[in-house]
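For reference, the structure discussed in these notes is given below.
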Amino acid sequence: MRLVILDTSSCVAEWAAKYVLKRINDFKPGPNNYFVLGLPTGSTPYGMYQTLIEYYKAGKVSFKYVKTFNMDEYVSLPRDHPESYHFYMWNNFFKHIDIEPKNVHILNGNASDLVEECNNYENEIAKAGGIELFIGGIGPDGHIAFNEPGSSLVSRTRVKTLAQDTLEANARFFGNDISKVPHQALTVGVGTVMDAKEVMILITGTHKSFALYKAIEEGVNHMWTVSAFQQHPHTLFICDEDATLELKVKTVKYFKALSAVHHKLIEDEIPIEQSRIIH
Amino acid sequence: MTSSKIQQFTNCKILRNGHLIDEHLWVRGGTIIDPEKVFFDEKIKANLVIDCKGCIISPGFIDIQINGGFGIDFSNILDNIEERVDCVSKSLLKYGVTSFCPTIVTSPVQVYQNVLKRIKKRRGGAKGATILGVHVEGPFINIDKKGAHPPEYIKNFDSGFQTLLETYGSLENVNIVTLAPELHGSDEVIKQLNALQIRVSVGHSMANLKDGEKAVFNGANLITHLFNAMLPFHHRDPGLVGLLTSNNIPKDKTIYFGIISDGIHTHPSALRIAYRTHPDGLILITDGISAMGLEEGKHNIGQLSIEIRNGTAFIVGTNTLCGSIATMDQCVRLFRETTGCSKEFALEAATLHPAAALGISAVKGTLNFGGDADFLFLDEDLNVLSTWIAGECVYTTSNKC
C-alpha cells in the first residue's frame with residue numbers, strides 16, 4: 001500500500017488527475033485495447049474530474065478508448081434528479097469529454113429486475129477485461145462505494161440497504177427530508193473493487209480522518225470496509241493533511257519520507273510500470 | 001440536413017433560465033434536445049460538432065409589432081402580397097428576428113379583407129422568419145390618440161364583436177388585436193377574442209386605469225407601445241401606464257407591454273421607469289415602418305405619407321412621430337445601454353417575454369429542451385453574427401455557417 005499525503009484537497013484533485021492521465025496515456029489505449037476505469041461520485045473526486053476536463057481540453061488526454069464503470073447508483077431515483085449519479089457523471093464529467101456513450105456504464109437503479117441488473121454489471125466488467133484502475137472515495141464510516149459497515153469483504157455487485165448514518169448524511173441533498181432520501185442503492189461489492197488491477201482511494205478533510213486511521217492503521221475489518229484494501233497488491237491512498245489528523249506521527253512521517261518515490265508515479269518521463277516496481 | 005442528425009454547438013455561452021451559462025446546445029430535427037437523454041438512452045454522440053468560438057447563443061428575437069420594412073408596408077401593399085411579406089421576413093433575419101407579427105395599422109375595410117387572408121401563419125426557414133400571425137393595430141381605437149393612424153378609418157364596435165368580424169373578414173391569421181378598451185362594447189369583444197386565443201393589447205387609447213384593469217380582467221394581457229398613444233401618467237389617475245403596478249388585476253397574471261427602445265419614441269428615463277417598475281412584462285418591439293432599412297426621404301405608411309429626417313420618421317410636414325426605423329438588434333443594444341440592465345435581461349425582453357405574452361414559450365423564445373431551434377450567435381456587444389431557424393443557419397456575417 002502507498003499513502004500519498006498532500007497539503008490540500010486541491011492538491012489531491014490534481015495529483016489524482018495527473019495519475020489518471022498518466023495511467024491512460026502509458027496504457028496507449030486503442031480500438032483493440034481499451035483502458036477500463038472505475039469511477040466514484042461525490043464531493044471528493046469532483047476536483048479530479050474538473051482537472052481531467054482541463055487536461056482533455058488541452059489535448060493532453062483522450063477518453064475515446066476508455067471504458068468506465070461507476071461504483072453505485074441510488075434505487076428508484078429518477079435519472080435526471082440532481083442527486084442521481086447519472087446526473088453527476090453527465091454534468092461533471094462525461095458531457096465535457098470525448099468518451100463514447102456506449103463505453104459508459106452506470107448501474108441502473110430503475111431497472112425492473114435489480115438483481116439481474118447487478119449480475120449483468122459484473123458480466124460487463126468481466127467482458128471489458130476487468131478494471132485497470134478503480135478510483136474510490138470513502139465515507140466517514142469507512143465505507144467504499146455503498147459497502148456500508150458490516151458488508152462482506154468478498155461481496156459482489158448487489159442491492160444494498162443504506163445505513164441510517166448515510167441517510168442522515170444525505171438528507172441535506174434532499175431538502176433535509178430524510179424520507180425523501182433513497183434507502184437503497186446498487187453498488188459494486190468490495191470484492192468487485194478488489195478485483196481491479198489497481199485501486200486509488202481519495203480521502204480529504206478532517207471528518208474522514210478517523211476512517212483513514214481505521215483503513216490503514218488497524219486490521220482488516222468489515223466494519224470499516226475500505227480496510228480490505230490493505231490486502232490489495234496495488235492500492236494508493238491519496239489524502240490531504242487534514243485527513244491525517246488521526247494517524248500516528250510515525251505513520252505520517254514514514255509515508256512522507258517516501259513521498260519523493262511516490263511523486264515519481266506522476267512524472268511524465270518515467271513509465272508507470274517502472275516506478276511501480278518499487279513499493 | 002436529415003432530421004435524425006444531431007448538431008452539438010460547443011464553446012458557447014447559452015441563455016437559459018435567465019443566465020448565460022457555459023453549456024453546449026444540442027439540436028436535432030429543428031428542435032433543441034436534452035443531450036443527457038441522447039447519451040444515456042440512445043448511447044450516441046452528435047453527428048456534427050460546431051465550435052462557436054466563445055460567442056453568446058440567444059433565442060431568436062421575436063418582434064410582435066412591426067409595420068413593414070425594406071420599402072414594404074404591410075398596410076399598403078396593392079399586389080404580390082405574399083411575395084412582399086416574404087421579402088420582409090427574409091430581410092429581418094439579418095437583424096436576428098426569427099419570428100414576428102406583421103402589423104397592420106388602421107386601414108379601410110377592403111385592406112383587411114384583402115391582406116389578412118394573404119399573410120398566413122407559417123414556419124420560418126431559409127426563406128425567412130416565422131410569421132406568428134398578424135397584429136391588427138386598429139381600427140377600433142380612440143380618435144384622440146390616433147397617432148399616425150388615418151382618422152377616417154377609425155371605427156367603433158357598433159354591433160359589438162360582429163363589427164370586428166365584418167371589418168377583419170377572417171381572424172384565422174390574426175394573433176394580436178390592439179384596441180382602445182374604453183370603446184363601447186369592448187368588454188364583450190375582449191372576452192370573445194380571448195376565447196379564440198387571440199391576444200388583446202390595449203393602446204391608442206384615452207382609457208383611465210379602471211378601464212385598463214377591466215380589460216385585463218376580460219382577458220387583455222398586453223399594452224401597445226407603452227407611453228405612446230395613451231394618456232400620460234398622472235398621479236391621481238395613472239391611466240394604462242398604471243397597469244404596470246396595479247394590484248387590482250388577477251394575481252397570477254403578468255401584464256406585458258411593448259416598448260420602443262429606439263431612443264426617440266420613448267425617453268431613456270421613461271424606459272428606465274418601465275424597466276424598474278415592471279421588468280417581467282417588458283417586451284422590446286421595433287414598431288418598425290416601411291422605411292426601416294431604407295435611406296432618408298419620403299415613404300408611405302398606411303394611407304399616409306411619411307418622411308425620414310435625421311434617422312427619425314415623421315408624418316410629412318409635421319413633427320408627429322409615426323414609427324421607428326431602428327432594427328430589433330439595435331433596440332436590444334440601445335435598451336441595455338439606456339437601462340444598464342444585464343445582457344440576459346435585454347435578450348429575454350426580445351425573446352422570452354414576447355413568447356410568454358403570446359403563450360408560446362414552450363417552443364419559442366427560450367433555448368429549453370423541446371423548443372424550436374431558433375437562435376442567434378451574438379458577440380459580447382450583442383451584435384448578430386448569425387441567425388438560425390430550426391437548426392439551420394439562415395444568415396451569417398461570415399462566409400460559413
Side-chain angles (χ1 to χ4, degrees), chain A residues 31 34 39 41 46 49-51 53-54 56-59 62-70 72-74 76-112 117 120-121 124 127-128 186, chain B residues 2-29 31-57 344 361-363 366-371 373 375 377 380 391:
Chain A
Y34 278 83
L39 295 175
T41 51
Y46 175 79
Y49 289 129
Q50 292 295 105
T51 312
I53 293 164
E54 276 170 38
Y56 163 72
K57 286 185 175 164
S62 165
F63 297 89
K64 194 162 167 49
Y65 299 113
V66 173
K67 289 184 182 179
T68 66
F69 287 88
N70 264 81
D72 41 17
E73 176 60 287
Y74 288 112
S76 298
L77 190 65
R79 198 182 67 202
D80 57 0
H81 189 286
E83 291 308 321
S84 96
Y85 294 163
H86 279 82
F87 186 96
Y88 178 102
M89 291 308 297
W90 167 252
N91 284 295
N92 295 327
F93 195 41
F94 294 145
K95 79 175 177 188
H96 303 284
I97 59 170
D98 63 342
I99 196 158
E100 293 290 334
K102 63 176 172 18
N103 294 330
V104 165
H105 304 81
I106 306 180
L107 285 155
N108 177 9
N110 293 297
S112 54
E117 171 70 14
N120 286 345
Y121 206 67
E124 285 295 319
K127 254 183 13 200
L186 304 186
Chain B
T2 62
S3 63
S4 61
K5 288 267 187 344
I6 299 176
Q7 295 159 289
Q8 179 185 7
F9 297 87
T10 65
N11 190 15
C12 48
K13 290 190 285 284
I14 74 168
L15 182 64
R16 191 172 275 164
N17 300 327
H19 299 284
L20 284 168
I21 52 173
D22 283 318
E23 185 66 273
H24 300 171
L25 185 70
W26 289 58
V27 173
R28 173 163 57 189
T31 303
I32 295 162
I33 56 169
D34 182 353
E36 188 259 8
K37 291 194 166 53
V38 173
F39 188 89
F40 286 123
D41 291 334
E42 301 178 47
K43 297 189 186 298
I44 51 172
K45 294 171 85 168
N47 304 86
L48 189 62
V49 178
I50 297 140
D51 182 350
C52 305
K53 302 187 171 64
C55 76
I56 290 171
I57 299 187
E344 292 87 339
S361 57
V363 288
T366 76
L367 297 177
N368 292 344
F369 304 138
F375 53 86
F377 285 15
E380 286 299 315

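Scope of the values below: all heavy atoms of this structure, side chains included, with no hydrogens, waters or symmetry mates. Convention: sequence-line order gives letters A, B, ...; per-chain numbering from 1.
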(message) Quick check on B:Glu42 against chain A: is it the side chain, the backbone, both or neither that has a heavy atom closer than 4.5 Å?
(response) neither

(request) Decide if the gap between the ring center of A:His81 and the ring center of A:Phe87 is smaller than 6.0 angstrom. (result) no

(request) Please flag which part of B:Asp41 lies under 4.5 Å from any non-hydrogen atom of chain A: side chain, backbone, both or neither. (result) both

(message) Quick check for you: among A:Asp80, A:Asp98, A:Asn91, which has the greatest number of heavy-atom pairs under 4.5 Å with chain B?
(response) A:Asp98

(message) If you count heavy-atom pairs within less than 4.5 Å of chain B, which of A:Lys57, A:Lys95, A:His86 leads?
(response) A:His86

(request) Sort A:Asn108 into side chain, backbone, both or neither according to what part of it lies under 4.5 angstrom from a heavy atom of chain B. (result) neither

(request) Step through it carefully: locate the ring centre of A:Phe94, locate the ring centre of A:Phe63, and say whether they are under 6.0 Å apart. (result) no

(message) Any carboxylate oxygen within less than 4.0 angstrom of a Lys/Arg side-chain nitrogen, looking at B:Arg16 and B:Glu344?
(response) no

(message) Given 3.5 Å as the limit, does a donor-acceptor pair link the side chain of A:Ser76 with the main chain of A:Asn110, or not?
(response) no

(message) Quick one, A:Glu117 and A:Leu186 - any side-chain contact, counting heavy atoms below 4.5 Å?
(response) yes

